[in-house]
Amino acid sequence: MAQHQAKTVRRKAEHVEVTLGKNVQCRAKSAGFDDIDFVHCALPELDFDKIDTRSKLFGKPMSAPIIISSMTGGYAGAEKINAELAKAAQELGLAMGVGSQRAMIEQKSLASTYNIRKVAPDIPLFGNIGICQLKKYSPAQIEAAVSAIGADALAVHLNPLQEIIQPEGDRDFTGCLPALERLCSKLNVPVIAKEVGSGISGEVAKQLERAGVKFIDVSGAGGTSWSGVEIERSGCHYEYWDWGIPTAVAVVDVARSTRLPVIASGGMRCGLDVAKGIALGASYGAAAQPFLAAVSKGGAKAAACELQSWIDSLKMAMLLTRAHNLEKLAKAKLLVTGQTAERLRLL
Ligand SMILES: Cc1cc2nc3c(=O)[nH]c(=O)nc-3n(C[C@H](O)[C@H](O)[C@H](O)COP(=O)(O)O)c2cc1C
């Protein structure tokens, strides 16, 4: 194995180890959901068991608008993690992304570590690649990686902060937008643009929409800090630990700046956060760390249990705001206070 390939594989393993073994959550910044309250409805006149959380992604049905965010693949241990997350997603009818497929493009034999279709034939599934890699790999190479795992879409991650803190990371971010535009025009599946925990602004979302992206996953600040993960690996630039746009603020900014469906992620920690994300303008809620933590404790069973508790929590918010379905929830009245209100006012 070439030296840079070995480094890619080792880095993917370290990311999971650091996320699970250290506290790499944002410290002084929250995702903003604590500043957001629904107006409680003491007279719901709804049957909890008839609340309809059903949604669709890439034309496929979902039992609820909850997504397991892109995380892993590319090293031996990743195969089990992906398979267990996928089993839980299949059991509950939810969607999932795999981690960056760079490792399998560089080394074909690693494809099996991403291939979850054998345990999750029906779920909406998306592949993943970093935006800087689009300058290195042709749309045909990326298309081959997406179809090798039977994915319905591709998430392209934008992660400049993580790259510049990572000692072996990319430094040249020029030419990424034209490369993304080229990919969107050639690929046979839709492209999701996502951050990894620093958020996407309305202005950047507009550029992404013009480039041909079909979904925006804001992946804002307030949850897993990817500068935190890299700081734990490299030991420098602590001042960037909490950098980024809090998720709740990013959702509002992107939803009012584009017509694209928005995925709320970054620090979403329960179904109530998903409900708040939807009321702020998102169509889906996603998370990474909570589902990885569940799998590491108790495999697919624990992940399914965690995901079921998110669905129940989402339904509770719907009952208590008299929202019998997601369209009604999207129109629920919110009270926004504190730093989130202040940030939205300044925007
Ligand atoms: C172990 C781990 C590995 C990750 N790897 C990727 C990746 O390869 N590609 C990507 O787009 N995001 C990756 N992410 C970022 C997540 O998809 C997500 O955007 C971020 O962790 C914020 O969500 P959270 O606060 O729920 O963890 C990873 C996250 C974790 C925890």
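Numbering of ligands and ligand atoms starts at 1, following listing order.
Ligand 1 places these atoms under 4.0 Å from at least one heavy atom of Leu292: 1 (C). Residue-ligand proximity, Lys12 to ligand 1, at heavy-atom distances under 4.0 Å covers atoms 5 (N), 7 (C), 8 (O). Atom numbering of ligand 1 starts at 1 in the shown order; those under 4.0 Å from a heavy atom of Gly223 are 25 (O). Each of the following atoms of ligand 1 lies closer than 4.0 Å to a heavy atom of Ala287: 26 (O).
Ser109 pairs by the side-chain hydrogen bond (donor to acceptor under 3.5 Å, both in side chains) definition with Gln107, not counting sequence neighbours.
Proximity of Gln25 to ligand 1 is not established, as no heavy-atom distance is less than 4.0 Å. Distances shorter than 4.0 angstrom occur between a heavy atom of Thr19 and an atom of ligand 1. Contact analysis puts Lys194 in contact with ligand 1, with a non-hydrogen atom separation below 4.0 angstrom. At least one heavy atom of Gly267 sits under 4.0 Å from some atom of ligand 1.
By the rule that hydrophobic residues join a cluster once side-chain heavy atoms approach within less than 4.5 Å of another member, Leu272 and Val39 end up as members of separate clusters.
Relative orientation of the His237 and Tyr240 rings is perpendicular, given thresholds of 30° and 60° on the angle between their planes.
Counting heavy atoms only, Ser70 comes closest to atom 16 (C) of ligand 1 of the residues Ser70, Gly73, Gly74. Nearest-residue assignment for atom 20 (C) of ligand 1 (options Ile263, Val196, Val229, Leu20; heavy-atom criterion): Val196.
Remark: Lys315 qualifies as a cation-pi partner of Phe48 under the 6.0 Å distance and 45° angle criteria applied to the six-membered ring.
For ligand 1, one of its N or O atoms has an N or O atom of Ala288 under 3.5 Å away. Taking any N or O of Thr72, backbone or side chain, none lies under 3.5 Å from an N or O belonging to ligand 1. Where the criterion is an N or O separation shorter than 3.5 Å, residue side chain and backbone included, Met71 meets it with respect to ligand 1. Taking distance alone, with nitrogen or oxygen atoms compared against 3.5 Å, Ser219 approaches ligand 1 more closely than that limit. The shortest N or O to N or O distance between Ser69 and ligand 1 is not under 3.5 Å.
To the nearest 0.5 Å, the span separating CD1 on Ile129 from OG on Ser70 amounts to 11.0 Å.
Remark: the Tyr75 side chain and the Glu14 side chain contain no N/O donor-acceptor pair separated by less than 3.5 Å. Using modelled atom types, one finds a donor on one side chain and an acceptor on the other under 3.5 Å when comparing Glu230 with His15. Looking only at atom types and distance, the side chain of Asp217 has no donor-acceptor partner in the side chain of Ser219 under 3.5 Å away. Looking at Gln25 and Arg269, their side chains do bring a donor and an acceptor atom within 3.5 Å of each other.
Taking the six-membered ring for Trp and the full ring otherwise, the centers of Phe126 and Phe215 sit at least 6.0 Å from each other.
If you look at Asn128 next to ligand 1, the close heavy atoms, those under 4.0 Å, all belong to the side chain. When heavy-atom distances to ligand 1 are checked against a 4.0 Å cut-off, Arg269 comes that close only through its side chain, counted from C-beta outward.
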